[in-house]
Amino acid sequence: AVGPAIRIACFPAISDCRFMLVATLIAAPKGAGLPASGLAAIAEAVGTTPDRAAWLAPGYAADLRFDAPAAPTWRQDLAAIAADGGFDCVVQQHDQRRKRILIADMDSTMIDQECIDELADAIGIKDRVAGITARAMNGEIAFEPALKERVALLEKLPTAAVAEVIAERITLASGGAELVATMRANGAFTALVSGGFTVFTGPIADKLGFHENRANTLLHEGDAFTGRVAEPILGSAAKVAGGFRGTARTRRRRCHCRGRRRQRPADDRTGRHRRRAARQADRRRPCAPPGRPWRPDRAAVHPGLPGRRDR
C-alpha cells in the first residue's frame with residue numbers, strides 16, 4: 001500500500017450492483033497493520049460481519065465478500081473509512097478477482113529509488129537532477145522536457161556506471177518479487193513499463209521475473225552516454241499504450257485458444273472456405289492402419305469436390 005486509496009471496479013449503476021462483490025483491505029506491510037476498527041467499519045458499510053473476512057496476510061490484508069445492494073453513498077463511506085484507518089480498500093466483482101495482466105512501473109514502485117537520480121549521484125549532480133524530477137512529479141513541467149533536461153546532464157557518464165548503481169544503490173521494493181511470482185503462477189502476463197531506461201528495466205525485470213519490459217533508450221557512443229535519449233519517448237500516456245500493445249502481441253503468441261471465425265453456410269463455401277472445411281474434416285477422420293497412408297475422400301465431405309484416392 002502506498003497510501004489511503006479506494007478503487008471501485010464496478011459497473012456505472014453502483015446502486016444496482018446485485019452480484020457478488022469483494023472488498024480487499026490492504027495495510028502497509030511495514031506499518032501497524034490493518035486496524036480492527038477499520039475492518040469492522042468496512043464490514044458494516046457493505047452489510048457483512050468482520051468474522052467473515054478471509055485473511056490474505058494475517059493482520060495486513062483481507063477479503064470481505066458481499067452481495068447486498070449497495071447504498072448510494074457507499075463510495076464516499078468506504079473512502080472515508082480507508083483514509084481514517086490508513087489502509088487501501090479495493091472493491092471489485094468477485095468473478096474478476098484474479099487478474100490476467102500485471103503492468104507495473106519501476107522507479108519508486110518496484111524499486112525504492114529513482115534510477116536517473118542515482119546515476120546523477122555517481123557524478124555528483126544528484127541535487128540538480130532530483131530537483132528537476134520533483135518539479136516533473138509535481139506537474140510543474142512536462143515529462144518529456146524534464147527527461148531530456150536530466151539526461152543531458154549525464155553526458156560523458158561511463159556506461160559501466162549503470163551496473164555499479166544497480167549493484168550498490170538499487171533495492172527491490174518489499175513484496176514485489178512475490179507479487180510477480182504469484183501472478184505468473186496463476187497464468188498472468190507481467191510487464192515492467194517505465195519512463196526510465198532500458199539499461200535498468202532489463203536487469204531489474206529479470207531479477208523480479210517479469211515476462212517483458214518497456215522503457216526509454218539512453219544513447220551512447222563507445223563507453224559513454226551522449227546525454228540524449230532515443231525518440232519517441234515513452235511517457236505517462238505511452239506507458240499504458242506501449243505496454244498493452246506488447247501484452248496483446250505476447251498473449252496472442254502464447255494463447256492456445258483463438259477466437260472462432262464466423263461459420264459460413266455450407267452452400268456459400270467456395271474456394272478456400274471449402275478447402276478449410278475439408279481440412280477440418282480430415283482432422284476428425286480416424287487414423288489409417290500402420291503402413292497404409294490414409295487420404296481423405298473429399299467428395300464425401302463436400303459434394304462437387306473431386307475425391308482423392310490413396311497412393
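- By the rule that hydrophobic residues join a cluster once side-chain heavy atoms approach within less than 4.5 Å of another member, Leu172 and Phe210 end up as members of one cluster.
- Between Gly196 and Ala215, the shortest heavy-atom contact is O-CB, 3.8 Å.
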Assess whether side chain to side chain contact (heavy atoms under 4.5 Å, CB included) is satisfied between His94 and Arg65, documenting all intermediate values. CA-CA 8 Å; His94 180 260; Arg65 299 182 184 181; 3.1 Å; yes
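- In the hydrophobic cluster analysis, where Ile, Leu, Val, Met, Phe, Trp and Tyr join through side-chain heavy atoms closer than 4.5 angstrom, Val129 is grouped together with Leu147.
- With rounding to the nearest 0.5 angstrom, the OG1 atom of Thr217 is 12.5 Å from the CZ atom of Arg228.
- Scanning both residues, Thr159 and Ala224, for their nearest heavy atoms gives CG2-N, 3.9 Å.
- Counting only heavy atoms from C-beta outward, the side chains of Ser194 and Asn213 never approach each other to under 4.5 Å.
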Checking Glu114 against Lys126 for the salt bridge (charged side-chain N to carboxylate O under 4.0 Å, His left out) test, could you report, in this order, the C-alpha distance in whole Å, the side-chain angles of both residues, the deciding distance, and whether it holds? CA-CA 11 Å; Glu114 294 285 331; Lys126 182 174 182 177; over 6 Å; no
Given the rule in the side chain to side chain contact (heavy atoms under 4.5 Å, CB included) test, do Val91 and Arg75 qualify, once you have shown the distances and angles that lead to the verdict? CA-CA 10 Å; Val91 179; Arg75 278 180 184 264; over 6 Å; no
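- In this structure, Leu78 and Val46 have side chains that are in contact, with non-hydrogen atoms separated by less than 4.5 Å.
- Residues Gln92 and Val90 form a side-chain contact, since some pair of their non-hydrogen atoms from C-beta on lies under 4.5 Å apart.
- The neighbour count for Glu140 CD, taken as heavy atoms of other residues, nucleotides or ligands under 6.0 Å away, is above 12.
- Evaluated for a side chain to side chain donor-acceptor pair (under 3.5 Å) with Gln113, the options Thr171, Asp107, Asp121 yield exactly one hit, Thr171.
- Contact between Ile81 and Ala45 at its shortest, heavy atoms only, is CD1-CB, 4.3 Å.
- From Glu144, atom CD reaches atom CD of Glu231 across 6.5 Å, with rounding to the nearest 0.5 Å.
- Between Arg184 and Thr190, the side chains place no donor N or O within less than 3.5 Å of an acceptor N or O (distance only, hydrogens not considered).
- Atom-to-atom distance recorded for Leu157:CG and Ile123:CD1 is 5.0 Å, nearest 0.5 angstrom.
- Atom CD1 in Ile166 sits 6.5 Å away from atom NZ in Lys207 (nearest 0.5 Å).
- Residues Ala62 and Leu34 approach most closely at CB-CD2, 4.4 Å, considering heavy atoms.
- Relative orientation of the Phe189 and His211 rings is parallel, given thresholds of 30° and 60° on the angle between their planes.
- In this structure, OG1 in Thr226 is found 7.0 Å from CD in Glu155, a value given to the nearest 0.5 Å.
- Counting heavy atoms of neighbouring residues, nucleotides and ligands inside a 6.0 Å radius, atom CD of Glu44 does not exceed 12 of them.
- The backbone N or O of Leu234 sits less than 3.5 Å from a side-chain atom of Asn216, completing a donor-acceptor pair.
- Residue Leu25 is grouped with residue Phe66 when hydrophobic side chains (ILVMFWY) are merged at heavy-atom distances under 4.5 angstrom, including chains of intermediate members.
- Under a cut-off of 6.0 angstrom, the local environment of CG in Asn186 is crowded, with over 12 non-hydrogen atoms contributed by other residues, nucleotides or ligands.
- Contact check on Glu149 versus Arg128 returns no salt bridge, with no Lys/Arg side-chain nitrogen under 4.0 Å from an Asp/Glu carboxylate oxygen.
- Side-chain heavy atoms closer than 4.5 Å link hydrophobic residues (I, L, V, M, F, W, Y) into clusters, and following such links, possibly through other members, connects Phe200 to Ile132.
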Please walk me through it: do Ile116 and Leu154 pass side chain to side chain contact (heavy atoms under 4.5 Å, CB included)? CA-CA 9 Å; Ile116 193 168; Leu154 303 179; 4.0 Å; yes
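- Linking ILVMFWY side-chain heavy atoms closer than 4.5 Å, directly or via other members, places Leu39 and Leu56 in two distinct hydrophobic clusters.
- In this structure, CD1 on Ile111 lies 4.0 Å from CD1 on Ile204, to the nearest 0.5 angstrom.
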Where do Leu192 and Val180 land on the side chain to side chain contact (heavy atoms under 4.5 Å, CB included) test, with the steps shown first? CA-CA 10 Å; Leu192 187 65; Val180 177; over 6 Å; no
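- Closest approach of Gly85 to Pro35, counting heavy atoms only: O-CG, 3.8 Å.
- Residues Ile42 and Cys89 meet the side-chain proximity criterion, which asks for heavy atoms closer than 4.5 Å.
- In terms of heavy atoms, Thr133 sits closest to Asp117 at OG1-OD1, 3.1 Å.
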